[in-house]
Number of protein chains: 2
Amino acid sequence: MAKRHAKYMQIKEHLLRGIASRRFRDSLPSENELAQKFGVSRMTARRALSDLELEGYALRIPGKGTFVQNRRSTQGFFRVRPFRKHAEEHHVTPRTRVLEVTVVEPPKEVAERLRCRQTILVRRLHYFEEEPVRFETRYLRSDLCADILWENLEFESIHEILIHKLNLPLTQVWQRLEAVGVPEEVASLFGVPSGSPAFRMERVTYTFEEPVTRVEYFMRGELYAFEDTFCPQLENV
Amino acid sequence: MAKRHAKYMQIKEHLLRGIASRRFRDSLPSENELAQKFGVSRMTARRALSDLELEGYALRIPGKGTFVQNRRSTQGFFRVRPFRKHAEEHHVTPRTRVLEVTVVEPPKEVAERLRCRQTILVRRLHYFEEEPVRFETRYLRSDLCADILWENLEFESIHEILIHKLNLPLTQVWQRLEAVGVPEEVASLFGVPSGSPAFRMERVTYTFEEPVTRVEYFMRGELYAFEDTFCPQLENV
DNA sequence: CAGTGGTCTAGACCACGTC
DNA sequence: ACGTGGTCTAGACCACTGC
């Protein structure tokens, strides 16, 4: 649909990269500024800004301007939720142990999703207090994420690193959630019987149509739950 | 925002009235037709049609045309999803067996959520083809939903009955999703070993701040998954 | 080929907010 | 008065579909 070479798409990408390093309510360029800067008509610059508002990244106020918008409210249930924030909301101390960081050729299923044969593999175990609750197996495209090897993955959210340090704004997500019994390998890490109930989530994250990382989580069923309140649309007639 | 007297709004209203009496996949007027008919420029006619697509009422296909879209496409992960629709999307034949419909005093936990001591209890088992996949235990406030006793709960979605027959628009939802092992009672209904992995979902539905119904689902883990694609907002700093 | 939607231009007028 | 976003025009070129 939205072709990547369209001018308004390029302007959107430029703005999204800017938004990643700005704060809530910071001002964004006006339609006229953008039109002049990119040498396009005002309608084209406008299209970029309006799209961002529709997608929730910006707030436009007639007579005032366009501002970075940051409501966390709507995605709710399946929001991409960094582990530390999850922990904060439950008032427990989070801890992360890095089990493995290597450069590998990924399994072919992952290679297809990431359209890439060179990846960084990260395995981490996440704790609430001293209790292991989530096991993470993540592949990152090494052409895009090589710099992540320099980061401290015990204390920093990979999500945040991608967005703010590697300048890879998170623009699209595919994910799948299952209820499973934990496989043996994970069970021993969790210290629970093999087959205990757990969530399994698989997620692929994109920057502008470009896949960046694929992650698989196992989350202990007794300790994890998704909870949310929202307002659905009224159904059609 | 969108002023009612804007020309594109008038065209939208005209189209929406038309859509109500058309069928899924019926063709809608083209941009040029609308521009001529309403004496506006193509960009204005286009705005009306594009808006309808964004709002889920229409599907636009380059080179072909614009068509009435009926299913709400935005299928968020946790959309309130009637069972039959879920089945349709997976191309399997759904079936529902009603196990119990009684008037009861609910457990105190449910009574608190519904703020009510008189409820209708419905237990149903849902099948894909001949395979049981979901078990439902639902309490409905009898002061609001008494008429549901007259409905055929084997063929009709309770969700639809509440909205369209009892005139209880669904304005808010609270829900919680867990990964659990199925309890014995449910395991025997499913025909699986007790403790097999499953989703457990609890949901309370409101009409204008007024709780209407509380439902608990068990869904077989091997047969159920939530999958979605979406565009997240950037996270806060 | 003609028709469709997708993008884009270079102007225009308006209502609104700030100064 | 000036800048902002909201609407609108009358053209244009493109890629795609169906015939």
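In the text below, chain A, chain B and the rest are named by the order of the sequence lines, each starting its count at 1.
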Below 3.5 Å between N/O atoms, which protein atoms pair up with nucleotides 8-11 of chain C? Just atom names and distances, please.
unit_1	atom_1	unit_2	atom_2	d
C/dC8	OP1	A/Lys7	N	2.3
C/dC8	OP2	A/Tyr8	N	3.3
C/dT9	OP1	A/Lys7	NZ	3.0
C/dT9	OP2	A/Ser41	N	2.8
C/dT9	OP2	A/Ser41	OG	3.0
C/dT9	OP2	A/Thr44	OG1	2.5

Whole angstrom is fine here: how far is it from [atom1] in [X] over to [atom2] in [N]?
X	N	atom1	atom2	result
B/Glu53	C/dT4	CD	P	16 Å
B/Ile61	D/dG18	CD1	P	9 Å
B/Asn32	C/dA2	CG	P	14 Å
B/Lys12	D/dT7	NZ	P	10 Å
B/Glu31	C/dT7	CD	C1'	11 Å
A/Leu34	D/dG5	CG	P	9 Å
A/Lys64	C/dC16	NZ	C1'	11 Å
B/Phe67	D/dT17	CZ	C1'	10 Å

How would you list, by chain and number, every residue that makes a side chain to side chain contact (heavy atoms under 4.5 Å, CB included) with [X], sequence neighbours excluded?
X	answer
B/Arg17	B/Glu13
A/Ala111	A/Pro106, A/Arg117
A/Arg25	none

Next item on the list: Would you indicate what B/Ser50 reaches in the nucleic acid, counting non-hydrogen atoms under 4.0 angstrom: base, sugar-phosphate, or nothing?
Entry: nothing
Notebook entry, point to check: OP1, OP2 of C/dG5 versus side-chain N and O of B/Arg46: anything below 4.0 Å?
Noted result: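 Checking C/dG5 against B/Arg46, no side-chain N or O comes under 4.0 Å of OP1 or OP2.
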Note to self: Between B/Thr213 and B/Val204, is the side chain to side chain contact (heavy atoms under 4.5 Å, CB included) condition met? List the steps.
What the structure shows: CA-CA 6 Å; B/Thr213 178; B/Val204 180; over 6 Å; no
Notebook entry, point to check: Who passes ring-ring contact (aromatic ring centres under 6.0 Å, His included) against B/Phe38, sequence neighbours left out?
Noted result: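 ring-ring contact (aromatic ring centres under 6.0 Å, His included) list for B/Phe38, sorted by chain: B/His14.
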Next item on the list: List for me each residue that meets ring-ring contact (aromatic ring centres under 6.0 Å, His included) alongside B/Phe199, sequence neighbours excluded, and say none if there are none.
Entry: B/Phe226
Next item on the list: Could you work out which one of D/dG5, C/dT4, C/dG6 sits closest to the side chain of A/Ser30?
Entry: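 Minimum distance to the A/Ser30 side chain belongs to D/dG5.
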Check: Would you say B/Gln36 has more than 12 foreign heavy atoms packed within less than 6.0 Å of its CD?
Finding: no
Next item on the list: For B/Gly65 and for A/Gly63, find the nucleotide of DNA chain C with the closest heavy atom, then tell me which residue's nucleotide is more 5'.
Entry: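 Nearest nucleotide further toward 5': that of B/Gly65.
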